[in-house]
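Structure, as structure tokens:
Numbering of residues begins at 1 and proceeds along the displayed sequence.
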Amino acid sequence: MIRLGQYNTLRISRFTDYGAYLTDDDEKHPEEILLPGRYITDEMVVGDTVDVFVYKDSEDRPVAVTEKPFITVGEFAYLQVLQVNKFGTFLDWGLPKNLLCPFSEQKVRMNPGGIYLVYAYLDKETQRIVASAKVNKFLDNVYPEYASGQEVSALVTGRNDIGYQVIVDNRHRGMIYSNEIYRPLEVEETIKAYVKHIREDGRLDLTLTAPGTLDRISKTGERIMEMLEAGTFSLTDNSSPEDIKNVLQCSKKDFKKAIGALYRAHRITITPEGIIYTA
């Protein structure tokens, strides 16, 4: 079955003047779809498999393309408005035909040039791919089932007094607290994170620290404190990875995380001259 709004791996069944027809090789109900000529390469032959994205063209016909859109059905993304007309707002999603966000699916009226968080879905009545800026109705519709420490994909959507709000795996709301962050995050950024806790309301608390590294960072921090108290610590943020490894037997990444954790705990002060023990 060819999936509209998704990536499909299809086989070239025949060539025509318009391009190549691709098939899903379904034994009972085989389907064919056109890959237009501009996507054909000299290396392609009948029988080859091709990875394509399937959507509807300007004449409302299903078509395959080798281009990769910025969003697929079932995903959230930040997209820019290219045009607004009587039918709705048209967004740039990296394909020749722009993505429609109907006025009925907008929380506020979208303006040309603006960038908005949207969700892509398949309209059941028209079988067209459309976008919705009313993202909340597509989140937390099932209770999350994750193991502690499980890796997830998180789209950063906002910041508040306690940390960063994220969308987890295109399904759930989550939060990364400020004390779990060791580098600046940007809204619209997609990052790798790890499940720390599932709250009663089904929302997720995440951390940027992979399982097993917390103990390493904690031990590194304690070694730093011992050396600071003894007056034998000379490393700084500008120290080379080799010097850090020789002194602390850890990577520069773990060193910076340990320094960040100590600073947030008010155990050290960071000055232009170096790291100072806070009594």
Side-chain angles (χ1 to χ4, degrees), residues 3-8 36 38 52-142 144 152-176 184-193 201-204 206:
R3 297 169 299 157
L4 195 62
Q6 302 287 349
Y7 293 106
N8 295 255
R38 63 179 176 273
V52 294
F53 180 78
V54 177
Y55 78 121
K56 288 189 175 182
D57 64 14
S58 57
E59 297 184 22
D60 212 28
R61 300 170 301 188
V63 65
V65 296
T66 55
E67 295 162 313
K68 293 185 177 181
F70 305 143
I71 191 173
T72 66
V73 165
E75 291 183 343
F76 294 87
Y78 283 88
L79 301 181
Q80 186 172 29
V81 174
L82 295 178
Q83 180 187 10
V84 179
N85 63 22
K86 64 180 181 179
F87 300 107
T89 298
F90 290 86
L91 308 170
D92 177 13
W93 63 324
L95 295 179
K97 180 187 176 184
N98 299 325
L99 181 63
L100 172 66
C101 183
F103 291 127
S104 61
E105 291 296 327
Q106 300 178 27
K107 293 191 297 184
V108 296
R109 187 57 60 92
M110 294 177 168
N111 297 313
I115 297 175
Y116 301 87
L117 175 64
V118 298
Y119 179 84
Y121 68 98
L122 195 61
D123 184 81
K124 293 181 179 178
E125 293 184 6
T126 64
Q127 286 298 294
R128 294 174 182 169
I129 304 165
V130 293
S132 174
K134 296 181 178 179
V135 297
N136 288 336
K137 66 181 180 180
F138 301 102
L139 289 168
D140 299 325
N141 292 321
V142 294
V152 296
S153 175
L155 172 63
V156 182
T157 61
R159 185 177 184 180
N160 57 29
D161 293 339
I162 60 175
Y164 289 85
Q165 299 157 318
V166 298
I167 292 175
V168 182
D169 288 342
N170 292 298
R171 290 178 294 178
H172 308 290
R173 294 180 182 87
M175 174 68 69
I176 303 175
L185 299 180
E186 300 291 338
V187 173
E188 301 182 32
E189 180 182 7
T190 298
I191 59 173
K192 178 171 64 177
D201 62 3
R203 299 190 183 190
L204 299 166
L206 306 179

Going from [atom1] on [X] to [atom2] on [Y], what distance comes out if it is rounded to the nearest 0.5 angstrom?
X: Leu204; Y: Ile176; atom1: CG; atom2: CD1; value: 10.5 Å
X: Ile115; Y: Met110; atom1: CD1; atom2: CE; value: 11.5 Å
X: Phe70; Y: Asp92; atom1: CZ; atom2: CG; value: 5.0 Å
X: Asn85; Y: Phe103; atom1: CG; atom2: CZ; value: 6.5 Å
X: Asp57; Y: Lys97; atom1: CG; atom2: NZ; value: 7.0 Å
X: Arg173; Y: Ile167; atom1: CZ; atom2: CD1; value: 8.0 Å

- Query: Looking at side-chain heavy atoms only, is the closest gap between Leu99 and Ile129 below 4.5 Å?
  - Reply: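 Counting from C-beta outward, Leu99 and Ile129 do come under 4.5 Å.
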- Query: Side chains of Gln165 and Arg159: does their closest heavy-atom pair fall under 4.5 Å?
  - Reply: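 Answer no - side chains too far apart.
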- Which atom pair, heavy atoms only, marks the closest approach of Pro144 to Gly202?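 In this case the closest contact between Pro144 and Gly202 is CG-O, 3.0 Å.
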- Query: Can you name the nearest heavy-atom pair linking Lys137 to Ser132, along with the distance?
  - Reply: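 Closest heavy-atom pair between Lys137 and Ser132: CE-OG, 4.0 Å.
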- Using atom types as modelled and distance alone, determine if a side-chain donor or acceptor of Glu105 lies under 3.5 Å from a backbone N or O of Pro102.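 Such a contact is absent between Glu105 side chain and Pro102 backbone.
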- Query: Sub-3.5 Å donor-acceptor pair from the side chain of Asn111 to the main-chain atoms of Gly114, do we have one?
  - Reply: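 Looks like no, no N/O pair under 3.5 Å.
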- CA sep, side-chain torsions, deciding dist, call: Thr157, Tyr78, side chain to side chain contact (heavy atoms under 4.5 Å, CB included): CA-CA 9 Å; Thr157 61; Tyr78 283 88; 3.6 Å; yes
- Item | Full working for side chain to side chain contact (heavy atoms under 4.5 Å, CB included) between Val73 and Gln6 | CA-CA 6 Å; Val73 165; Gln6 302 287 349; 3.6 Å; yes
- Message: Can you classify the ring geometry of Phe76 versus Tyr119 as parallel (below 30°), tilted (30 to 60°) or perpendicular (above 60°)?
- Response: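 Tilted: the ring planes of Phe76 and Tyr119 meet at 30° to 60°.
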- Heavy atoms from other residues, nucleotides or ligands near NZ of Lys134 exceed 12 (cutoff 6.0 Å):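 Atom NZ in Lys134 is crowded, with more than 12 foreign heavy atoms closer than 6.0 Å.
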